[in-house]
Amino acid sequence: MTLGTPARCHFVPPYLMRRLGRLADAEVDDELRTARARADHLAVRATAIAGPSWTVHTAEQTRQLPGRPVRAAGEPVSGDEAVDEAATGISGSLALFEEVYARSSYDGQGAPVSLTVHYGRDYPNAFWDGTQLVFGDGDREVFDRFTRSVDVLAHELTHAVTERTAGLVYADQPGALNESLSDVFASCLKQRLLGQEAADGDWLIGAEIFLPGVQARGLRDLRAPGTAYDDPRLGTDPQPGHLDDYVSGPEDNGGVHINSGIPNRAFHLAAVGIGGTSWDGAGRIWYDALVGGDVGPDTDFTGFAAATVVAAGPHTETVTRAWADVGVLLDDSQAASGGAAGPAPSHVGGRTVRVQRSGGFAGRVSEASVDLDEVALRPDGELADLPRLVARVRQQGDLAAGKPANPMPDMFLYDLDLCGSRARLPEHQLSDDLRRIVDLVLRSGQ
Ligand SMILES: [Zn+2]
């Protein structure tokens, strides 16, 4: 009945999948023990730190925000793992900005931070919605809950900092810089909590968010973009580490989670080249560039690189070389390919409903399509509601009503084709009917 499958999921026979899982389990057990010891260490470090106030809520598997408050700054552990992980991550992240960069909360004025965990059902994402941080529990297929990695907390808080400072637009090169800055300060936070120098960090984002058996060291690797995972279900890490390999296209707001690999690697090279700790060395330079006034909403890789060189002081040569090593040359006139319009999504017409979901913290692409004529042959099937929903959406003009808004960091982006009516909408602009449609169609492709 369904024609499409998630674009980066390869079909693997169940027996092979089980075998893959068993082989990996022994290694995973070891890794889990190490991760648990590390998590204990992080919790002890974080509770010793005070800062702006924060509150962690639970959405109790609904999509109601912010949900019920469970734990605030200064309160003891709650016993809910997701809540307590979020508490550890947010207090450590706020302390990084306050103690190292003298920035009080994301707005620089001590704004209280609201967080929500247990968002939605099987929700494989984390995002900043402009007012608060939101974390799902994973999809029970590939992803565990997103709070398991402290760096995910810092990544999301940094989106709020970027929004209130340079305001980098979340698309193309400015969007990839926005993403990269979140990964940069996420790595600084993780290494600071672990007391590591730049040369000793693992430079991985989301190392703990995968379920056992998934062949992934993390979601992204700042040291070696493109090598973080290679898994039958996930596909291969698509990040480039050099401007020559820049990926243009409409998905993921112009590949913001893909092309961030380029500035990510520049930061790693600068941090290791400068030596000492990442947050004190290169991190301070990147932070000064972010808030210094030279970086604005439309700044591209070259513009941002120039701002870091201005802020580099005695490390000018190291920082210049780091950018040159990833192909971003300061004397080159906008050689970058950011902003280029990619090919339009393939068009379907007639009686086919196609949904593509891109973006999200993981930057993955899922796609599925359903032929309504085939649905009509099975009036009792799971998709029985789909024709009625599609007809209503087209009649009420839900697609046309969705004016393109500023994309939100890490929110899913949907490309929809409902029997020839097409639209690209961020998640927060889906009507209830459209949300039901994308859920039905994507689930049918799993
Ligand atoms: Zn992000």
Side-chain angles (χ1 to χ4, degrees), residues 86 89-90 93 96-97 106 113 115-117 119 123-136 138 143 145-190 203-209 218-222 225 228-229 237-240 247 251-265 267 286-287 290 295 297 299 301 304 338 357-365 405-413 426-428:
I90 194 61
S93 302
L96 167 71
F97 282 106
Y106 59 88
V113 180
L115 309 90
T116 297
V117 299
Y119 177 75
Y123 189 75
N125 201 15
F127 61 88
W128 160 254
D129 77 350
T131 64
Q132 69 156 108
L133 311 180
V134 183
F135 303 88
F143 292 112
R145 60 183 184 277
F146 276 64
T147 47
R148 290 198 63 197
S149 290
V150 276
D151 41 274
V152 177
L153 274 293
H155 178 105
E156 297 307 330
L157 184 70
T158 304
H159 277 312
V161 173
T162 299
E163 181 191 288
R164 298 301 178 100
T165 52
L168 285 157
V169 171
Y170 202 66
D172 303 315
Q173 282 199 21
L177 283 168
N178 189 324
E179 261 309 303
S180 174
L181 284 157
S182 278
D183 281 352
V184 158
F185 292 107
S187 291
C188 288
L189 178 268
K190 182 177 182 180
W203 294 94
L204 295 171
I205 301 297
E208 295 84 9
I209 65 173
L219 204 50
R220 291 183 283 276
D221 184 341
L222 283 79
Y229 57 85
D237 178 0
Q239 283 211 312
V247 177
E251 294 164 0
D252 187 22
N253 298 304
V256 296
H257 292 89
I258 294 178
N259 295 308
S260 57
I262 298 163
N264 273 359
R265 184 162 158 257
F267 180 77
W286 257 240
Y287 180 77
L290 172 64
V295 176
T299 297
F301 288 179
F304 188 82
R357 185 179 74 185
S358 64
F361 182 81
R364 293 175 74 209
V365 177
N406 255 355
M408 299 256 195
D410 295 332
M411 272 211 175
F412 287 128
L413 183 69
E427 180 164 292
H428 63 284

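Note that this is a predicted model, so its numbers are computed, not measured. Remember, it's 1-based here, ligands and their atoms both numbered in the order they're listed.
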* Asked: Are any side-chain N or O atoms of Gln173 and backbone N or O atoms of Phe301, one a donor and one an acceptor, separated by less than 3.5 Å?
  -> yes
Residues passing the ring-ring contact (aromatic ring centres under 6.0 Å, His included) test with Phe412, sequence neighbours excluded, are Tyr123
Side-chain donor/acceptor of Glu156 to backbone N/O of Trp128, under 3.5 Å: yes
The protein N, O or S atoms lying under 2.8 Å from the Zn ion (ligand 1) are His155 NE2, His159 NE2, Glu179 OE2, Asp410 OD1, Asp410 OD2
Contacts satisfying ring-ring contact (aromatic ring centres under 6.0 Å, His included) that involve residues 161-180 (not counting sequence neighbours) are His159-Tyr170
By ring-ring contact (aromatic ring centres under 6.0 Å, His included), Phe185 pairs with (sequence neighbours left out) Phe97, Tyr101
Side-chain ion pair, Asp237 and Arg220, N-O less than 4.0 Å:
no
